[in-house]
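What follows is one structure encoded as structure tokens, with my remarks underneath.
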There are 2 protein chains.
Amino acid sequence: MGTTKAQMFTERQNELAKFFKVLGHPARIAILQYISTQNSCICSTLVEEIGLAQATISQHLKELKSVDLIKGEIEGKSVCYCINVERWQSIQSELNTFFNNTASNCC
Amino acid sequence: MGTTKAQMFTERQNELAKFFKVLGHPARIAILQYISTQNSCICSTLVEEIGLAQATISQHLKELKSVDLIKGEIEGKSVCYCINVERWQSIQSELNTFFNNTASNCC
DNA sequence: TTTATGTATCGCAATATTACGATAATAATA
DNA sequence: TATTATTATCGTAATATTGCGATACATAAA
């Protein structure tokens, strides 16, 4: 118990849920929004901007990376994170497909 | 610890994250997809279709209802669940706004 | 009224997530 | 080389989520 029974669902269902899940935390939303306000890459002024501990931010960044929503390039002693634009668009398109395919005229 | 620090984020960020979070489980994706394949409302053949226990399905339905993605109408001794189409579209539009506003040209 | 059916809720166990301090690892700088 | 700055990872505590059996509750049917 306690574990999601992933084997009961299709690969696509699990993948969709994974994207949604990663986006399902306000800190990760805030990180994405902050990154997007910067014209150039930012590193981790995120810690100051968001106000969570460095370890926590790093963990959230790791999750965003796990679905390739962001990419990080090492730049000297810091790491430059930015949105993976191609991936961003393909995920948006995936989610729209899901929304468009899932609608009913009942009730 | 362990609790999301919602007070650090904007209402909009929390709300967006909440939608994503509810969609972030394959069983709930499967429920939405199954409901949408039915022309008329279904009740809970969902239990048979999805293969989770009745208590578990009921819990997932409750979460979907918590963000108004579905609505349930009592119909005799069963409950007819269906997608809340207006809400569905407004959420899709919200998410697209988020995606469109969050994109950068860095890296 | 009794029985059967469908659903919600309670209580619990297992596991996952969130958050953070401490520490390791890496690279620039003095 | 020693120091400093930046980030990742480890370990841990608190809390949340997932899943299910048991049970309560409501309505239809016998």
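What you are looking at is a predicted structure, and each value in this text was computed from that prediction instead of being measured.
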message = Without decimals, in angstroms, what is the distance between A:Glu63 CD and D:dA8 P?
response = 14 Å
task = Mind listing the closest non-hydrogen atom pair of A:Gln54 and A:Val47 along with its distance?
result = CA-CG2, 3.8 Å
query = Do A:Gln54 and D:dA8 have a side chain to base donor-acceptor pair shorter than 3.5 Å?
reply = yes
inquiry  = So if I take every side-chain heavy atom of B:Lys62 and compare against D:dA5, C:dT9, D:dT18, which nucleotide ends up nearest?
reply    = C:dT9
request  = Ignoring backbone atoms, establish whether B:Ser58 has a side-chain N or O less than 4.0 Å from OP1 or OP2 of C:dT7.
outcome  = no
inquiry  = Please confirm whether the shortest side-chain N or O distance from A:Lys65 to OP1 or OP2 of D:dA8 is below 4.0 Å.
reply    = yes
Gap between atoms NZ and C1', on B:Lys5 and C:dT17 respectively (whole Å) = 15 Å
query = Of A:Ala53 and B:Ser78, whose closest DNA chain C nucleotide lies nearer the 5' terminus?
reply = B:Ser78
Distance, rounded to the nearest Å, where A:Leu64 contributes CG and D:dA8 contributes P = 12 Å
task = Give a yes or no on whether the backbone of B:Ala55 and the side-chain of B:Ser58 come within a donor-acceptor separation of less than 3.5 Å.
result = no
task = Step by step, work out the side-chain contact (heavy atoms from CB on, under 4.5 Å) result for A:Leu23 and B:Leu23.
result = CA-CA 10 Å; A:Leu23 291 168; B:Leu23 292 168; over 6 Å; no
message = At 4.0 Å (heavy atoms only), tell me whether B:Ala55 reaches a base, stays on the sugar-phosphate, or touches nothing.
response = base
Residues A:Lys18, A:Glu11: salt bridge by 4.0 Å N-O rule = no
inquiry  = Suppose we call a contact any N or O donor and acceptor under 3.5 Å apart; does that hold for the side chain of B:Gln59 and the base of C:dC10?
reply    = no
request  = May I have the distance from A:Gln7 (atom CD) to D:dT18 (atom P), rounded to whole angstrom?
outcome  = 15 Å
query = Whole Å only: how far is the CD1 atom of A:Ile74 from the P atom of C:dA27?
reply = 7 Å
message = What I'd like to find out is whether the side chain of A:Leu52 reaches to under 4.5 Å of the side chain of B:Lys5, using heavy atoms alone.
response = yes
ask   = Starting at CD of B:Glu75 and ending at P of C:dG6, how long is that distance when rounded to a whole Å?
value = 13 Å
Comparing A:Thr56 and A:Thr3 on DNA chain D - which has the more 5′ nearest nucleotide = A:Thr56
task = Write down the distance between CD1 (B:Ile50) and P (D:dC20), rounded to a whole number of angstrom.
result = 12 Å
message = Classify B:Leu52 by what it touches in the nucleic acid, base, sugar-phosphate, or nothing, heavy-atom distance under 4.0 Å.
response = sugar-phosphate
note = On DNA chain D, more 5' by nearest nucleotide between A:Lys21 and A:Val79 is A:Val79
task = Kindly say if A:His60 contacts the phosphate of C:dA19, meaning a side-chain N or O under 4.0 Å from OP1 or OP2.
result = yes
request  = Grab the CG-P distance between B:Leu61 and C:dT7 for me, whole Å please.
outcome  = 9 Å
query = Would one find a side-chain N or O of B:Tyr81 under 4.0 angstrom from OP1 or OP2 of C:dA8?
reply = yes
